[in-house]
Amino acid sequence: MPGGSRSAVGRVDDKRLADLIRPAATAAGMDLESVRVSVAGKRRLVRVIVDSDTGVSLDDAADISRDISASLDATDVMGEIPYTLEVSSPGVNRPLTQPRHWRRAAGRLVKAKIAEEGTVIGRVAEAGDDGVTLSIDGTRRHFDYGELGPGAVQVEFGKVPDHELEALDEGPDSGPDIPDEADLGAGGDGH
């Protein structure tokens, strides 16, 4: 998870940094997705990516940023070099690699490689502990996580076709709660 760029300016203990940041993320009901440290001139840039099942609002990012900053300032983990802290959500370009990533993509159109089939494009109907169900051309198909390569959310502009929404509502579980007039365009919560 943690990683960072190093320079002659000094080293940051990535594990210690992540261990220091994780409790603030957890207390805010979020998962710490990554921590990256890079050098930006005479400062360090600390990029923290957090996510939750309900997304990350600007207020959430500001609140957790204050908590993380207070934790960093209370220790010597960053050394004497000034730093800039940036807290954000993963965005749509994050690969779907963990069950929680797939669960948070419910209702979204995704592209993924399937071990025996090649690349498929479908809408995430549901995601559980053992796998994900995709609606592909109106047919629901379940795939175990072991069969899936990393998924990629496809950016859509405009209204989701009604037949795709109807396919999500079929099956044992009614699937994600998506309004009839769902518009999954580029705006939104950063997912």
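Please read these numbers as outputs of a predicted model, since none were measured by experiment.
Within 6.0 Å of CZ in R103 there are more than 12 heavy atoms belonging to other residues, nucleotides or ligands. Dense packing is recorded around CG of D144, with more than 12 heavy atoms of other residues, nucleotides or ligands lying under 6.0 Å away.
Each of I21, V37, L17 was compared with V48 under the side chain to side chain contact (heavy atoms under 4.5 Å, CB included) criterion, and only I21 meets it.
For T26, the side-chain contact (heavy atoms from CB on, under 4.5 Å) criterion is met by R22, not counting sequence neighbours. Residues meeting the side chain to side chain donor-acceptor pair (under 3.5 Å) test with S69, sequence neighbours left out: none. By the side-chain contact (heavy atoms from CB on, under 4.5 Å) test, R66 is found to be paired with A62, D63, residues two or more places apart in sequence or in another chain being considered. T97 is linked by a side-chain contact (heavy atoms from CB on, under 4.5 Å) to P95, H101, P150, counting only residues two or more places apart in sequence or in another chain.
D60 places a side-chain N or O within 3.5 Å of a backbone atom of S57 that can act as its donor or acceptor partner. A distance-only check finds no donor-acceptor pair linking the side chain of W102 to the backbone of G131 [under 3.5 Å]. Checking side-chain atoms of Y145 against main-chain N and O of G128 turns up a donor-acceptor pair under 3.5 Å. Between the side chain of E33 and the main chain of D31, no donor-acceptor pair closer than 3.5 Å is present.
What you find for I136 and G122 is that their closest heavy atoms are CG1-CA, 4.1 Å. Between V50 and P90, the closest heavy-atom pair is O-CD, 3.4 Å.
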One pair to check against side-chain contact (heavy atoms from CB on, under 4.5 Å): V124 and L134. What are the steps and the verdict? CA-CA 5 Å; V124 178; L134 299 177; 3.9 Å; yes
How far apart are the C-alpha atoms of D14 and V35, what are their side-chain angles, what is the distance that settles it, and do they pass the side-chain contact (heavy atoms from CB on, under 4.5 Å) test? CA-CA 8 Å; D14 291 341; V35 177; over 6 Å; no
Kindly determine whether R16 and D76 satisfy side-chain contact (heavy atoms from CB on, under 4.5 Å), including the steps that lead there. CA-CA 10 Å; R16 184 172 172 219; D76 64 350; 2.7 Å; yes
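Hydrophobic clustering (ILVMFWY, side-chain heavy atoms < 4.5 Å, transitive): L20 and M30 are in one cluster. By the criterion of side-chain heavy atoms lying less than 4.5 angstrom apart, applied directly or through intervening Ile, Leu, Val, Met, Phe, Trp or Tyr residues, I64 is not grouped with I49; the two fall into different hydrophobic clusters. Cluster membership check: L32 does not share its hydrophobic cluster with L45, using side-chain heavy-atom separations under 4.5 Å among Ile, Leu, Val, Met, Phe, Trp and Tyr.
Rounding to the nearest 0.5 Å gives a distance of 8.0 Å between NE2 of H142 and CD of E126. The structure places CZ of R104 at 6.0 Å from OG of S52, a figure rounded to the nearest 0.5 Å.
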Show which side-chain atoms of residues 78-85 pair as donor or acceptor with protein atoms under 3.5 Å away, not counting sequence neighbours.
{"from": "Y83", "atom 1": "OH", "to": "D73", "atom 2": "OD1", "distance (Å)": "2.6"}
{"from": "T84", "atom 1": "OG1", "to": "R43", "atom 2": "NE", "distance (Å)": "3.2"}

Cut-off 3.5 Å, no hydrogens considered: what does the side-chain donor-acceptor table look like for residues 110-120, sequence neighbours left out?
{"from": "E117", "atom 1": "OE1", "to": "R141", "atom 2": "NH1", "distance (Å)": "3.1"}
{"from": "E117", "atom 1": "OE1", "to": "R141", "atom 2": "NH2", "distance (Å)": "3.3"}
{"from": "E117", "atom 1": "OE2", "to": "R141", "atom 2": "NH2", "distance (Å)": "2.4"}

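Residues D51 and R94 are paired through a salt bridge, judged by an N-O separation under 4.0 Å between the basic side chain and the carboxylate.
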